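Data first, discussion second: the structure below is written as structure tokens.
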Amino acid sequence: MTGPARADGADPVAVQYESYPYPPRDPRDESKRLVTGSPSHLGELIHHVRGGVFDPGQPFRALIAGGGTGDAAIMLAQQLADSGAAAARVVYLDRSAASRRVAQARAAARGLANLDFVSGSLLDLGALGLGGFDYIDCCGVLHHLEDPEAGLAALTAALAPGGGMGVMLYAPLGRIGVYPMQHALRLLDGGGPPATRVADAKRLLATLPTTNWLKRNPFVTDHLVEGDSGLHDLLLHARDRAYSVDEVYDFLDGAGLRLAGFVPAARYEPRSYISDPVLLRRAEALAPRARAALAEALAGNIKSHAFYAVRADDPVAPPQPVDPEMIPVVVNAEPAALAKAAGTSGSISATVDGLPFRMRLPRRAGAMLARIDGRTSLRALHAALRAQDPQLDEAMFMAQFAELFAALHGLGKLMLRRG
């Protein structure tokens, strides 16, 4: 949906992010924690767009297109530094000076020297002369452009050979209630600066009937937990559209790209929602696109799609747990916490946007997870476990690891890379 143009001709999206940088971040918090997530976690992108291959001694260039207040740029730059990738550079690109100041302060707080800041629009990538990139992150940006197709084309043109992207786009079903409220606020708009419009939105939110769809949607909370910045971004944005699974596929097709994987994968598999064996067999027989579309329709709570994409003719494929030389990597979780949960319950649970997932784990899941450190191969992991249990042959071990991988990869917590 698109809001009215400003009388002064200024781009209302640019004005918004100068007034309300999003998401709200305090650089002082960098001493307490690193914000991680999907897409663009280093272990995740290595798995999905590089076929599990990453040499920290080789040059690697990443672009964060529409970097905002810095979540993806700080996460990836820190993880690259921690991995010893001395030749890697991360380029932050955004046209909001206010957002850039927040991101730069966060980088300074961490002492990150592998992060370069550029002011500008992703639509001007060709003119900026930044060169090609091995990886591009574009999270929460394309759905705010007047011409998202032109934006994706500009990003695709900036990909180096063999490069890939991590993208986040809004999804319609989990955002039920958002677009009617945006429309209502446009009808009631009395003009004035962003702060006045935020105040008006708060007044309306305070009087909503219990039947209002935004009030009934427990999955959308930015206007409740992210302060004025979150409220403005959610309900007062000048340009905002959502993409269904089928529209994501069409969007990528139009740019000459193909989907490398949704994350977390379990949200896009019908088996997460269907228990009837007859219906499940029919669902499992569908093509990947249709399975993902079915899962979206069943889940009802997917408010954004995070996914990886590569060029349509790129043969790269995410690694599978069939090679003992593969190295398992835990992402977006603490290995010790996973090991403890697996050892006490024999399963792993996670709640994603209000929907609980419970995955059964193999008997040795806790012992495996306790030894996964992002450096140890499956062969070495098997040797360590076999020293305690001589009956554990390679076939038995690999079968149990495959079961563990299916469960935790489905929740976006376990990836693979090649040694």
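Since we're looking at a predicted model, the values are computed, not measured. Sequential numbering from 1 along the given sequence is applied to the chain's residues.
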*Verify side chain to side chain contact (heavy atoms under 4.5 Å, CB included) between Leu205 and Leu231, making sure each step is shown before the conclusion.*
CA-CA 10 Å; Leu205 289 170; Leu231 186 153; 3.7 Å; yes
_Before you tell me yes or no, could you show the steps for Leu42 and Leu80 under side chain to side chain contact (heavy atoms under 4.5 Å, CB included), namely the whole-Å CA-CA distance, both residues' side-chain angles and the distance that decides it to 0.1 Å?_
CA-CA 7 Å; Leu42 181 59; Leu80 286 166; 3.9 Å; yes
*Under the ring pair (Phe, Tyr, Trp, His ring centres under 6.0 Å) rule, what do Tyr20 and His237 come out as? Steps first, then yes or no, please.*
CA-CA 11 Å; Tyr20 292 106; His237 210 291; over 10 Å; no
*Between Leu145 and Leu122, does a side chain to side chain contact (heavy atoms under 4.5 Å, CB included) hold up when you go through it step by step?*
CA-CA 10 Å; Leu145 298 181; Leu122 65 85; 4.2 Å; yes
*Could you give me the CA-CA distance, side-chain angles and deciding distance for His41 and Gln79, then say whether side-chain hydrogen bond (donor to acceptor under 3.5 Å, both in side chains) is met?*
CA-CA 8 Å; His41 188 291; Gln79 290 173 344; 3.2 Å; yes
_Please evaluate residues Leu236 and Gln16 with respect to the criterion side chain to side chain contact (heavy atoms under 4.5 Å, CB included), reporting the C-alpha separation (whole Å), side-chain torsions for both, the decisive distance (0.1 Å), and the verdict._
CA-CA 9 Å; Leu236 296 169; Gln16 169 185 336; over 6 Å; no
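Checked options Arg289, Glu296, Arg291, His305; the residue passing with Tyr268 is His305 (criterion: side chain to side chain donor-acceptor pair (under 3.5 Å)). A side chain to side chain contact (heavy atoms under 4.5 Å, CB included) with Val220 is found for exactly one of Asn301, Ile176, Leu234, namely Leu234. None of Gln182, Arg175, His183 except one satisfies the side chain to side chain donor-acceptor pair (under 3.5 Å) rule with Tyr179; the exception is Arg175.
Remark: side-chain polar atoms of Asp134 are paired, donor with acceptor, to backbone N or O of Arg61 under 3.5 angstrom. Listed for the Gln400 side chain is a donor-acceptor partner under 3.5 Å among the backbone atoms of Arg364. Checking side-chain atoms of Thr36 against main-chain N and O of Asn332 turns up no donor-acceptor pair under 3.5 Å. In this structure, Thr221 contributes its side chain and Leu224 its backbone to no donor-acceptor pair below 3.5 Å. Side-chain atoms of Ser272 come within 3.5 Å of backbone atoms of Ala266 as a donor-acceptor pair (strictly under, hydrogens ignored). In terms of modelled atom types and a separation under 3.5 Å, the side chain of Glu30 and the main chain of Ala107 share no donor-acceptor contact. With hydrogens and angles disregarded, a donor-acceptor distance shorter than 3.5 Å links the side chain of Thr156 to the backbone of Leu152. Judged purely by atom type and a 3.5 angstrom limit, Asn114 has no side-chain atom pairing as donor or acceptor with the backbone of Ala88. For Arg371 (side chain) and Thr376 (main-chain N/O), no donor-acceptor pair under 3.5 Å exists by modelled atom type. Remark: side-chain polar atoms of His143 are not paired, donor with acceptor, to backbone N or O of Asp240 under 3.5 angstrom.
Taking all atoms of both residues into account, the shortest heavy-atom contact from Ala73 to Leu115 is CB-CD1, 4.0 Å. Looking at every heavy atom in both residues, Ser377 comes nearest to Pro328 through C-CD, 4.5 Å. Nearest heavy atom pair, residue Ile274 against residue Leu294, reads CD1-CD2, 4.3 Å. Nearest heavy atoms, Arg241 versus Pro148: CD-CG, 4.5 Å. Taking all atoms of both residues into account, the shortest heavy-atom contact from Pro56 to Ser83 is CB-O, 3.8 Å. Across all their heavy atoms, Gly68 and Asp94 have their closest contact at N-OD2, 2.8 Å.
Of the N and O atoms on the side chains of Glu44 and Tyr308, at least one donor lies less than 3.5 Å from an acceptor on the other residue.
With a 4.5 Å cut-off on side-chain heavy atoms, Asp323 and Leu378 do not count as touching. Annotation: side chain of Leu155 is in contact with side chain of Leu142 (closest heavy-atom distance under 4.5 Å). Using a 4.5 Å heavy-atom cutoff, the side chains of Asp200 and Leu185 are not in contact. Put simply, the side chain of Leu204 does not reach to within 4.5 Å of the side chain of Leu235, judged on heavy atoms. You'll find the side chain of Tyr135 reaches within 4.5 Å of the side chain of Leu76, heavy atoms only. By the 4.5 Å heavy-atom criterion applied to side chains, Phe219 and Leu355 are not counted as neighbours. The shortest distance between side-chain heavy atoms of Pro180 and Trp213 does not fall below 4.5 Å. At a threshold of 4.5 Å between non-hydrogen side-chain atoms, the residues His47 and Pro319 count as touching.
Between Arg267 and Asp353 a salt bridge is recorded (basic side-chain N to carboxylate O distance below 4.0 Å). Salt bridge absent: Arg25 and Asp29 never bring a charged side-chain N and a carboxylate O closer than 4.0 Å. Salt-bridge check for Arg379 with Glu325: passed, with a basic side-chain N closer than 4.0 Å to an acidic carboxylate O. A salt bridge between Arg258 and Asp314 is absent, with no side-chain N of the basic residue lying under 4.0 Å from a carboxylate O of the acidic one.
Within 6.0 Å of CZ on Arg33 lie more than 12 heavy atoms contributed by other residues, nucleotides or ligands. Other residues, nucleotides and ligands contribute over 12 non-hydrogen atoms within 6.0 Å of the CD atom of Glu284. Within 6.0 Å of atom CD in Glu334, 12 or fewer heavy atoms from other residues, nucleotides or ligands are found, so the atom counts as exposed in its surroundings.
Leu130 CG to Leu125 CG: the interatomic distance, rounded to the nearest 0.5 Å, is 6.0 Å. Atom-to-atom distance recorded for Glu226:CD and Tyr22:OH is 5.0 Å, nearest 0.5 angstrom. Here the OH-CG distance, from Tyr92 to Asp137, works out to 12.0 Å after rounding to the nearest 0.5 Å. Separation of atoms CG (Leu416) and CE (Met326) is listed at 6.0 Å; rounding is to 0.5 Å. The CG atom of Leu411 lies 7.0 Å from the CZ atom of Phe357; values are rounded to the nearest 0.5 Å. Atoms CG and CG, on Asp253 and Leu259 in that order, are 10.0 Å from each other to the nearest 0.5 Å.
Checked against a 6.0 Å centroid threshold, the rings of His48 and His409 count as neighbours.
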